[in-house]
Amino acid sequence: MASKTGSCLCGEVEYELAEEPTSYGACHCGMCRKFSGGIELGIQVPPGGVRFVPTDKLALYESSDWAERGFCMLCGSSVFWRFTGEGPLEGMFSISAGTLEDMSGMTFDAEVYIDHKPDSHSFAGERTRLTEAEVLAAAGVETGDDG
Amino acid sequence: MRTGQCLCGAVAYRAETADTVSVCYCKMCQRWASGVFMGVMTERFDVTEGADHLGVISSSDWAERGFCKMCGSNLFYRVPEPGYLSVAMGSLDDTSGLTPRVQYYVDKRPEGFALAAETKEMTEAECIAFFAPEEGDSHDQV
Ligand SMILES: [Zn+2]
Ligand SMILES: [Zn+2]
Ligand SMILES: [Zn+2]
Ligand SMILES: [Zn+2]
């Protein structure tokens, strides 16, 4: 079973989830690839589903009109992406899966922005694969920007 | 020669890189890079913009990691002695021609995760024997 707790590389940013995560997904958008060093693996957590241990080391970067990203200002770990726009996804987090103490028992069940994936790599196995247009339609976002 | 930059554009670099991508699943890379680190080895690396926005953290006795302090993008993994730097694949402006060739710490690979490509694979024990033969201590991460 995966853990409910996680932290950045240096340990300054720590959090606890309300529920044990059971699955993670990958986002292939250009922004996530830059933010995460190449492959973003995240777990979807609803607003209120995570509590961060109070710290002044968690920095926020507004990456678009409708999303922000959280990272540790001491070690640069990519900690989360969060939807800040309105609509069904409002407040939704994608918390970087690798920050979990333990990822065991999780399934890799989704790849989004599959039409933005570079040719340099792809993942084996079957799972839900959504294009940018499909993701934006689900999120109720009309802009064509990455998040 | 390839160019790269972080998400916000504050830090930019120029690098001569190999065409091979090294993938690492050690827990440090997992924590730092959201689950998997994809590194591209460089022959030469120069920061061309925003050196003052570059953050560097020592992540072990021998390695350090560089990132943008403004947006948190992961930029590179460096071993200062003898001098080895791999850039984060995601920070490159163009990744054409790059292919994963080796996966490190495969025994720590997240469950369910598998690259489609066949590559050389090394376990944690094999990585430690290969990269730090004299250390022989408790380091379980690179
Ligand atoms: Zn940190
Ligand atoms: Zn994305
Ligand atoms: Zn930046
Ligand atoms: Zn590693």
Side-chain angles (χ1 to χ4, degrees), chain A residues 2 6-11 13 23-24 26-27 30-43 59-63 69-81 94-109 118-125 127 146, chain B residues 4-9 19 21 23 25 27-40 54-59 65-77 87-100 108-119 141:
Chain A
S7 75
C8 64
L9 172 55
C10 77
V13 176
S23 65
Y24 63 94
C27 180
M31 287 190 148
C32 284
R33 283 187 280 119
K34 281 212 183 277
F35 184 60
S36 69
I39 294 177
E40 189 265 356
L41 298 181
I43 49 174
L60 293 176
Y61 170 68
E62 201 177 302
S63 54
R69 290 160 195 271
F71 63 97
C72 172
M73 63 174 77
L74 293 189
C75 71
S77 291
S78 313
V79 180
F80 65 78
W81 170 95
S94 172
I95 294 186
S96 296
T99 58
L100 286 169
E101 291 305 323
D102 185 354
M103 284 179 73
S104 1
M106 297 172 79
T107 53
F108 180 13
D109 69 354
D119 293 336
S120 48
H121 58 275
S122 51
F123 308 137
R127 61 189 60 85
D146 286 356
Chain B
Q5 63 172 37
C6 63
L7 176 53
C8 76
D19 290 337
V21 179
V23 180
Y25 304 107
K27 196 59 199 169
M28 291 189 116
C29 285
Q30 285 194 24
R31 286 192 195 279
W32 196 55
S34 92
V36 185
F37 181 66
M38 310 274 282
V40 184
L54 180 66
V56 177
I57 176 159
S58 293
S59 52
R65 291 160 195 264
F67 60 97
C68 172
K69 290 191 283 187
M70 308 296 286
C71 70
S73 293
N74 303 154
L75 293 171
F76 60 77
Y77 170 85
V87 290
M89 187 181 82
S91 64
L92 288 167
D93 293 326
D94 177 10
T95 57
S96 54
L98 298 179
T99 319
K108 297 288 187 293
R109 180 163 47 201
E111 270 179 66
F113 186 90
L115 292 178
E118 290 267 325
T119 77
Q141 293 160 328

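Chain letters run A, B, ... following the sequence lines, proteins first and then strands; every chain starts at 1.
Side-chain atoms of S96(B) and D94(B) include a donor-acceptor pair closer than 3.5 Å. Side-chain contact check for R31(B) and S77(A): no donor-acceptor pair (N or O, by modelled atom type) lies under 3.5 Å.
In terms of heavy-atom pairs under 4.5 Å with chain B, the best-connected choice from L100(A), V79(A), I39(A), D119(A) is I39(A). Ranking C10(A), G6(A), C8(A) against chain B, the residue ahead of the rest is C8(A), based on heavy-atom pairs under 4.5 Å. Note: G37(A) leads P118(A), G38(A), C72(A), G37(A) in heavy-atom pairs under 4.5 Å with chain B. The candidate with the highest count of non-hydrogen atom pairs below 4.5 Å against chain B, out of E62(A), E101(A), R127(A), M106(A), is E101(A). The choice from A88(B), A114(B), A117(B) that makes the most heavy-atom pairs within less than 4.5 Å of chain A is A114(B). Note: C8(B) leads G55(B), G39(B), S91(B), C8(B) in heavy-atom pairs under 4.5 Å with chain A. Of all the listed residues (H121(A), M73(A), M103(A), E40(A)), the one sharing the greatest number of non-hydrogen pairs under 4.5 Å with chain B is H121(A). Of the listed residues (A2(A), S7(A), G105(A), A26(A)), the greatest number of heavy-atom pairs within a distance under 4.5 Å of chain B belongs to S7(A).
Here the closest heavy-atom approach between residue K69(B) and residue L54(B) is recorded as CE-O, 3.8 Å. Closest non-hydrogen pair, F35(A) versus G70(A), comes out as CZ-O, 3.4 Å. Nearest heavy-atom pair, G35(B) versus Y25(B), reported as atom, atom and distance to 0.1 Å: O-CD2, 4.4 Å. Pairing each heavy atom of D93(B) with each of K34(A), the nearest pair is OD1-NZ, 3.6 Å.
Only the backbone of C68(B) comes within contact range of chain A, with at least one heavy atom under 4.5 Å from a heavy atom of that chain. Both the backbone and the side chain of C71(B) come within contact range of chain A, each with at least one heavy atom under 4.5 Å from a heavy atom of that chain. Proximity to chain A is limited to the backbone of L92(B), based on heavy atoms less than 4.5 angstrom apart. Both the backbone and the side chain of A97(A) come within contact range of chain B, each with at least one heavy atom under 4.5 Å from a heavy atom of that chain. With a 4.5 Å cut-off on non-hydrogen atoms, F80(A) does not touch chain B at all. For chain B, the nearby parts of S104(A) are the backbone and the side chain; heavy atoms of each come within less than 4.5 Å.
Aromatic ring orientation, F113(B) versus F108(A): parallel (interplanar angle below 30°, classes split at 30° and 60°).
Formation of a donor-acceptor pair under 3.5 Å by the S78(A) side chain with backbone atoms of S73(B) is not found in this model.
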Would D102(A) and K27(B) count as a salt bridge (Lys or Arg N to Asp or Glu O under 4.0 Å) if you check the C-alpha gap in whole Å, the side-chain angles of each, and the deciding distance to 0.1 Å?
CA-CA 9 Å; D102(A) 185 354; K27(B) 196 59 199 169; over 6 Å; no

